[in-house]
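Note: hydrogens, waters and symmetry copies are ignored here, and every other heavy atom, side chains too, is used. Just so it is clear: chains get the letters A, B, ... in the order the sequence lines come, proteins before strands, and each one is counted from 1.
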2 protein chains.
Amino acid sequence: MMDPRHAILFESVQIGPKTLPNRFYQVPHASGFGSARPLTQAAFRGIKAEGGWGGVCVEYSPVSADADEEPHVAAYLQDDRDAAALRPTVEAIHRHGALAGVELYHGGNSSKNVTSRHTRIAPSAAAAEIRWGSSAREMDLDDIARVQADFVHAARLARDIGFDIVYVYGAHGYLLTQFLSPWHNLRTDAYGGSLAGRARFALETLEKVRDAIGDDCAIATRFCLDGRSGVKGVRVEEMLRFVQLAEPLVDLFDVTVGSWPEDSGTSRYYPEGHQLSWTSQVREATSKPIVGVGRYTNPDQMAALIASGQFDLIGAARPAIADPFLPRKIAEGRLGDIRECTGSNVCILKEEDFRHVGCIQNPTAGEEYRRSWHPEEVPTTDDPDRAVLVIGAGPAGMECALTLGRRGFAAVHLVEASDDIGGRLTWTRRLPTLGDWGRIIDWRRTQLDRLDNVQVITGRRLDVADVLDYGAGIVVVATGSHWSDGGTQPGTRRPILGSAGSLTPERVMAGDRPGGQRVAVYDCDGYYVAPGIAELLAAEGYEVHLVTPEAVVSPMSDGTLEGDMLRRHLHDVGIAMHTGITLRERRPGSVIGETAYEDPWSLEVDDLVLVTHQVPDDTLYRALAADSERLADAGISALHLIGDARSPRWISEAVFDGHRLARELDLPSPDFPAPLRRDLPV
Amino acid sequence: MMDPRHAILFESVQIGPKTLPNRFYQVPHASGFGSARPLTQAAFRGIKAEGGWGGVCVEYSPVSADADEEPHVAAYLQDDRDAAALRPTVEAIHRHGALAGVELYHGGNSSKNVTSRHTRIAPSAAAAEIRWGSSAREMDLDDIARVQADFVHAARLARDIGFDIVYVYGAHGYLLTQFLSPWHNLRTDAYGGSLAGRARFALETLEKVRDAIGDDCAIATRFCLDGRSGVKGVRVEEMLRFVQLAEPLVDLFDVTVGSWPEDSGTSRYYPEGHQLSWTSQVREATSKPIVGVGRYTNPDQMAALIASGQFDLIGAARPAIADPFLPRKIAEGRLGDIRECTGSNVCILKEEDFRHVGCIQNPTAGEEYRRSWHPEEVPTTDDPDRAVLVIGAGPAGMECALTLGRRGFAAVHLVEASDDIGGRLTWTRRLPTLGDWGRIIDWRRTQLDRLDNVQVITGRRLDVADVLDYGAGIVVVATGSHWSDGGTQPGTRRPILGSAGSLTPERVMAGDRPGGQRVAVYDCDGYYVAPGIAELLAAEGYEVHLVTPEAVVSPMSDGTLEGDMLRRHLHDVGIAMHTGITLRERRPGSVIGETAYEDPWSLEVDDLVLVTHQVPDDTLYRALAADSERLADAGISALHLIGDARSPRWISEAVFDGHRLARELDLPSPDFPAPLRRDLPV
């Protein structure tokens, strides 16, 4: 039952000609589906409407031929075929009573145009904002009229297929912001100069779109408040003035801050709601509805924010990926069931680099259509009268046991050798700034507790005989992995001479410390582990050298929008970074290696922490699998290996693997994932 | 008429049950079209068959679910829908009498699987070969049987839609090579150990595929000879022994060398045919037909190679992109018409990073379907009785004048201010190692010479009055761009204090030299210009510092497979590289800037070369465009701006822009590219 303090979140609100049924609003965000995978898009967004989000938006919709985003995926809205591709999504959102929103977009100088080969356009001629290509030309008045007509054309297409909320999109440094920004806009005509001039392009576009569809649709716009956008941004005073100018044309203001890495800041660097110091200022400038994000997952905080009047809607991208049913769970008072976003930005890495969104918390995110996975429903097993033993309560084991429990197996035992569940997450969450990653454990702990058919047993290490005697007919081994303590490195597949028995992340997190003041952390992993260990040791006063064969420290963190902040932070806390170095040998008092140019390199250090390569802990599995007769004699009909023990991988993929096996356990060959349903092109 | 010395190139050759009509063979290479754009693929490959290539292959076809290459584009062959997508390509190739080939593939540890979320497989458990993900698991015997069955299934699909040549693909470090390689394969079972063991997977797969389709199709395989593949490769002696073992199962051996950056080596680092020192050894091991590549464009060299018996077919990827009609031109004795590959690898950058192949020489490459462009045919203008003045004979101007000439305009004048045509290419081709880029000029010079309706006038700088008086009804301005000599930088959009009048690439290439021994070359461009200038100055004895705000030197060169070789080369010739540095000021005897962490940075140098930003040379155009009445009075009905003068860009895009305008000149709005034809999904 809903907590009455949260009732304010379920009040409807008028935006232009439309009524939003509640205050939960999934803001526009990329998915990798765009208009290229219409049914995947429809299922992904439809689930959110089903989960109670009153407004659900798709990603950016380039309106013009010279706003080409290929090879990235976007929800193009330029012709009837584009429109047809998005229609199933609108229908899926409407099916659950939510409003559907679309983000009409032109990137201007940020548009790729590498595939279309169009010349990039911008308010003023300049070097290109993005790597690919070289420059943008100044828009002439014909370009301005053409792009505005494209916005209107796209708006009509959107209206005609049923979109309720149509954005004229300005945020994230795209064309409308480029006109507003004195850094980008050096025009001397009516579209430059004073704020009124720089705002003209956006205001005219809003007006034309409003004239065309304003009776039928709510007109939204999204702009960013200053934040850390630096020289490229628009001062907050000017943005507030712009809001005042735009107010008569706008039904909903969607406000962000600064650059994308700031706006979608990870939990490592930004607390929830960090954007408010900027975004809350918009209320001064308008009485129209306002929405903003803050990675909010706590309904008390949400209700307070709405009550304060700073926002009218709670915007969310990442929390809605981690838990599409967040609103419904609040409505039903099931607060402990909320699967809280960790702020890892794995979703962004997957969407940007893989063109397929996913989630470290929610293994069903992005799998709604192609695997027919629902975040809240799992098929009950046809043969419930079975016992399953899951060995190892790391990310894969926890999720597997939980999902098997939800599927109704008679008895599921999750047996963990250490004193607590969580596996590598038990120490990952204690790395500096990674505390929110602990939510992956916390949510599963709560859920496991609620299932009568699942028993969690900690502090018990099983050997082969224990497993054979256990009495479970199905055994799932999820014993994880450990970091090589001999420095076996991906680049050479060989150990580092003299490094056997060196410190590893697990040992440091268990309390072992370097034997001396100066320590090298050798990172062949390129993500968060080595920087975390380095930062922890630096905070304790060690002289820390982060050494990596990569050209930059932690290249994977660029995919999560953290790279620049991470490297800056490591630098600021005094960690020396050595890139392009392959270590070959450890000697007393030094490490020896070579540069990317094969020049000799060495560093005087007292100790070495190796973050080189994860080794599967699959001994138990291999011993069990070696004798199928013995298994049969013990009544074990199926033996499976999942997660890092099968093959070390990201936490998101280990969670996925545990979930997948549990879903597909009754298929003929559950160790190999079932075929994916193909999307249907329009 | 064909030179009789080249007749050997037009002899047919038997490969298994099929007859190749001649010795020209477009080897498998990626395009970005795969099975995702069936008609684009069909048009792209069909043009090559039309141009005389006797064998035409598509790109890699992943056969298994765990060989997922998304978000890259591949020609999947796993079910009937995949097959249907490739059928138009087979038909297009057959239409012109060529044989169609397909490359059945499993990447093993190199497979991405980031979108499918399959666990990566490999002969032995190991860290992942690619950035995304973390590791690969050891294939068990079920995996081996499954993948081999997938090869057979894909082979049957290929046969059924008419492919003539079916590869069991081993090269480029993929699964078959991983089994062969002692670095990858640490197995102790029958699939590891001795060469016979390591070869077993490949030989069994070849045998199964042969059993299934060997009566209907030629069975090809592709393997790499040692080269510079280093520790990961297979020693050449073992590969030759493998060829002997495989011979009874194989109808065509396709041989490559080392790593991809070596096999597709750019002209900067590899001469034509550099692979032969390795690939020619295969003849010792087999009497079956052999094909290999060498970026050959010279028919004398090709004929000699066939006559030598080292190869039976001339393989080509890049030369067939630069000139799909290369074989026909040789057959017709039109050697001067061959559009020779420059070895820039822009095709690879476009295919890999943009997922759409293109070419620096051939503006129609990749445009066959969506723009209906044929490389050898342009539509004759409906209104030939017009004169066109093209001002500026750089890449855009040359190509525009040439294409207008081919379209039959009565008079086309290409007027160039300097003493020779070529624009920025006149100095680019003189940068160390970039000589082959001069082919962009050379080919156009030859072609322009042959057109009676085109006049090339050099050494004449036109001002506004000259243009108005010229007598041409259509004026195309292609006056190029120059490098900012004030250091206006993309990252700040501001000049560098005190740097006005500094050296630029053009000035250095015109003979100006630094005023002192120590010089900084400041690179905000990130491609070939700054490294070229640095190398040139270093060769003359200057102490050269290459300074860049980028995290690595010349990141764009990674897209052309040159990055590692380029940086290694710069290091080896003694150029100091400073990355992550933003220059703020030039002072006498030093340059001042800051690091990526905003720490102060400075360097004592005597002079500075600025490679920061290209500025359009559009003064003439703007002066002409400012007074439309005056234009009308002068009888000028149309004025266009193309290439760098419109917006500075890559050479490939400038050539494209000139070509496009010439093709679309008679459309209502030729300054904005005509809409693209959409591909039809199957």
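With a 4.5 Å cut-off on non-hydrogen atoms, B/Asn109 touches chain A through its side chain but not through its backbone. Only the side chain of B/Arg370 comes within contact range of chain A, with heavy atoms under 4.5 Å apart. For A/Asp564, no part lies near chain B; criterion is any non-hydrogen pair under 4.5 Å. Using a 4.5 Å cut-off between heavy atoms, B/Asp143 makes no contact with chain A at all. When heavy atoms are compared at a cutoff of 4.5 Å, B/Ala126 approaches chain A by way of both its backbone and its side chain.
Contact count against chain A (heavy-atom pairs under 4.5 Å) is highest for B/Arg646 among B/His613, B/His356, B/Arg646. Chain A forms more heavy-atom pairs under 4.5 Å with one residue of B/Asp79, B/Thr595, B/Asp618 than with any other, namely B/Asp79. Looking only at heavy-atom pairs under 4.5 Å with chain A, the residue among B/Ala136, B/Gly366, B/Ser116 that has the most is B/Ser116. Comparing B/Glu367, B/Gln489, B/Gln78 by how many heavy-atom pairs each has under 4.5 Å with chain A, the most go to B/Glu367.
Atom-to-atom distance recorded for B/Arg81:CZ and A/Arg678:CZ is 4.5 Å, nearest 0.5 angstrom. Distance check, rounded to the nearest 0.5 Å: OG of A/Ser647 to CD of B/Glu138 gives 11.0 Å. Considering NE2 of B/His184 and CZ of A/Arg493, their distance stands at 5.0 Å, rounded to 0.5 Å. Note that the CG atom of A/Asp525 and the OG atom of B/Ser134 stand 8.0 Å from one another [nearest 0.5 Å]. Residue A/Asp142 holds its CG atom at 8.5 Å from OG of B/Ser669, rounded to the nearest 0.5 Å.
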Next on the checklist: I'd like to know whether B/Glu653 forms a side-chain contact (heavy atoms from CB on, under 4.5 Å) with A/Thr119, so could you lay out the CA-CA distance, the side-chain angles of the two residues, the decisive distance to 0.1 Å, and finally the verdict.
Outcome noted: CA-CA 9 Å; B/Glu653 303 316 286; A/Thr119 311; over 6 Å; no
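When side chains are defined from C-beta on, A/Arg371 counts as touching B/Arg117, because their heavy atoms get closer than 4.5 Å. Taking the side chain as every heavy atom from C-beta outward, A/Lys350 and B/Thr115 never approach each other to under 4.5 Å. Residues A/Lys112 and B/Phe354 have side chains not in contact (no heavy-atom distance under 4.5 Å, counting atoms from C-beta outward). Side-chain atoms of B/Arg120 and A/Arg649, non-hydrogen and from C-beta on, never get closer than 4.5 Å to each other.
Between B/His571 and A/Asp599, the shortest heavy-atom distance links the atoms NE2-OD2, 2.5 Å. Summarising the geometry of A/Ala551 relative to B/Val552, their closest heavy-atom pair is CB-CG1, 3.7 Å, with the distance given to 0.1 Å. In terms of heavy-atom proximity, B/Trp183 sits nearest to A/Pro490 at CH2-O, 3.8 Å.
Aromatic ring pairs are classed by plane angle as parallel below 30°, tilted from 30° to 60° and perpendicular above 60°; the pair B/Phe672 and A/His118 is tilted.
Heavy-atom neighbours of A/Asp80 CG from other residues, nucleotides or ligands within 6.0 Å: at or below the threshold of 12.
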